Amino acid sequence: METETATRWLTDTEQCAWRTHLEVNRLLTHQLEKDLQPFGLTMNDYEILVNLSESEGDRMRMSDLATATMQSKSRLSHQITRMENAHLVRRENCESDRRGLYAVLTEHGLETMRKVAPHHVASVRRHFIDLLAPETLTDLDKALKPIAEHLRAQRGRA
């Protein structure tokens with residue numbers, strides 16, 4: 001016979017923290033996205049450009065980039081096609097695996113990163129970093145790390 005376990009409903013304090021987190025996440029993402037619009041970029045575009053610019057040779061296997069950006073391979077493929085049309089990235093065949101493809105940052109993509117990054121960092125500072133005291137940032141980092149580690153482990157199980 002199965003035993004039912006009672007739902008552990010959120011306390012008022014837990015509910016408040018959870019809803020504040022959701023609101024901040026939505027509002028901050030919306031604002032950062034809005035601040036990238038003048039450059040013709042979305043947050044997904046910027047995240048891809050960052051990943052490529054921080055990778056050896058400004059390139060990543062498409063499958064690794066999909067994992068890094070938490071996108072399905074199909075969604076990433078459409079995103080890369082759009083970014084290819086804007087001359088930000090190009091695809092290259094993987095010599096060691098005929099089925100594999102690389103996404104490669106173009107010179108125009110690198111120039112775009114150099115131009116946009118200072119504005120994006122200023123936006124992150126204005127809407128997040130500078131609103132918190134340094135010790136609060138340290139506490140926030142400590143508080144969020146176990147959640148990130150747990151969720152990464154869950155993602156690895158999929």
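Everything quoted here is computed from the prediction, not taken from an experiment.
Side-chain atoms of R91 and T81 form a donor-acceptor pair, as typed in the model, at a separation below 3.5 Å. Remark: the T136 side chain and the D139 side chain contain no N/O donor-acceptor pair separated by less than 3.5 Å. In the model, R75 has no side-chain atom that pairs as donor or acceptor with a side-chain atom of Q79 under 3.5 Å.
Taking 4.5 Å as the limit, every side-chain heavy atom of T13 sits out of range of all side-chain heavy atoms of W18. Side-chain contact between T106 and L110 is absent, with no heavy-atom pair separated by less than 4.5 Å. In this structure, D35 and H119 have side chains that are not in contact, with every pair of non-hydrogen atoms separated by 4.5 Å or more. Residues L41 and H120 form no side-chain contact, since every pair of their non-hydrogen atoms from C-beta on lies 4.5 Å or further apart. Counting only heavy atoms from C-beta outward, the side chains of T20 and C16 approach each other to under 4.5 Å.
In the hydrophobic cluster analysis, where Ile, Leu, Val, Met, Phe, Trp and Tyr join through side-chain heavy atoms closer than 4.5 angstrom, L22 is grouped apart from F128. If you chain together hydrophobic residues whose side chains sit under 4.5 Å apart, L27 and L132 never meet in one group. By the criterion of side-chain heavy atoms lying less than 4.5 angstrom apart, applied directly or through intervening Ile, Leu, Val, Met, Phe, Trp or Tyr residues, F39 is grouped together with V124 in one hydrophobic cluster. Connection of L144 to V24 is not established within any shared hydrophobic cluster, with ILVMFWY side chains joined at heavy-atom distances below 4.5 Å, either directly or through further cluster members. No continuous path of hydrophobic side-chain contacts links L131 to L140 [ILVMFWY only; heavy atoms under 4.5 Å].
We find the CD-CG distance between Q31 and L36 to be 10.5 Å, quoted to the nearest 0.5 Å. Here OG1 of T42 is found 12.0 Å from CG of L32. Values are rounded to the nearest 0.5 Å. Within the model, atoms CG of L65 and CG of L76 stand 5.0 Å from one another, a figure rounded to the nearest 0.5 Å. Here the straight-line distance linking atom CE of M83 with atom CG of N44 works out to 9.0 Å at 0.5 Å rounding. Note: H87 NE2 to T112 OG1 = 11.0 Å, rounded to the nearest 0.5 Å. To the nearest 0.5 Å, the span separating CE on M62 from SG on C94 amounts to 12.5 Å.
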Could you walk me through whether V89 and V104 satisfy the side chain to side chain contact (heavy atoms under 4.5 Å, CB included) test, starting with their C-alpha distance in whole Å, then the side-chain angles of each, then the deciding distance to 0.1 Å, before giving a yes or no?
CA-CA 5 Å; V89 300; V104 182; over 6 Å; no
Using the side chain to side chain contact (heavy atoms under 4.5 Å, CB included) rule, take R82 and D45 through it: C-alpha gap first, then chi angles, then the decisive distance, then the call.
CA-CA 9 Å; R82 195 175 61 70; D45 295 336; 2.4 Å; yes
Could you go step by step and tell me if L88 and L105 meet the side chain to side chain contact (heavy atoms under 4.5 Å, CB included) rule?
CA-CA 6 Å; L88 297 167; L105 189 62; 5.7 Å; no
Kindly determine whether D130 and R126 satisfy salt bridge (Lys or Arg N to Asp or Glu O under 4.0 Å), including the steps that lead there.
CA-CA 6 Å; D130 291 346; R126 184 171 55 256; over 6 Å; no
Worked check of side chain to side chain contact (heavy atoms under 4.5 Å, CB included) between L101 and E92
CA-CA 6 Å; L101 286 174; E92 288 182 1; over 6 Å; no
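Around atom CG of D12, no more than 12 heavy atoms belonging to other residues, nucleotides or ligands sit under 6.0 Å away. The number of heavy-atom neighbours closer than 6.0 Å to NE2 of H30, taken from other residues, nucleotides and ligands shown, is 12 or below.
Closest of all the heavy-atom pairs between A68 and N51 is CB-OD1, 3.6 Å. In terms of heavy-atom proximity, R61 sits nearest to G100 at NH2-CA, 3.8 Å. Closest heavy-atom contact between T11 and E14: N-OE1, 2.8 Å. The shortest heavy-atom contact between Y46 and M113 is CE1-SD, 4.0 Å.
Counting only distance, with no hydrogens or angles, the side chain of E33 and the backbone of M43 share a donor-acceptor pair below 3.5 Å. Although no hydrogens or angles enter the test, the distance criterion places no donor-acceptor pair under 3.5 Å between the side chain of S55 and the main chain of D58.
Of the candidates D64, I48, V50, I48 is the only one forming a side-chain contact (heavy atoms from CB on, under 4.5 Å) with T69.
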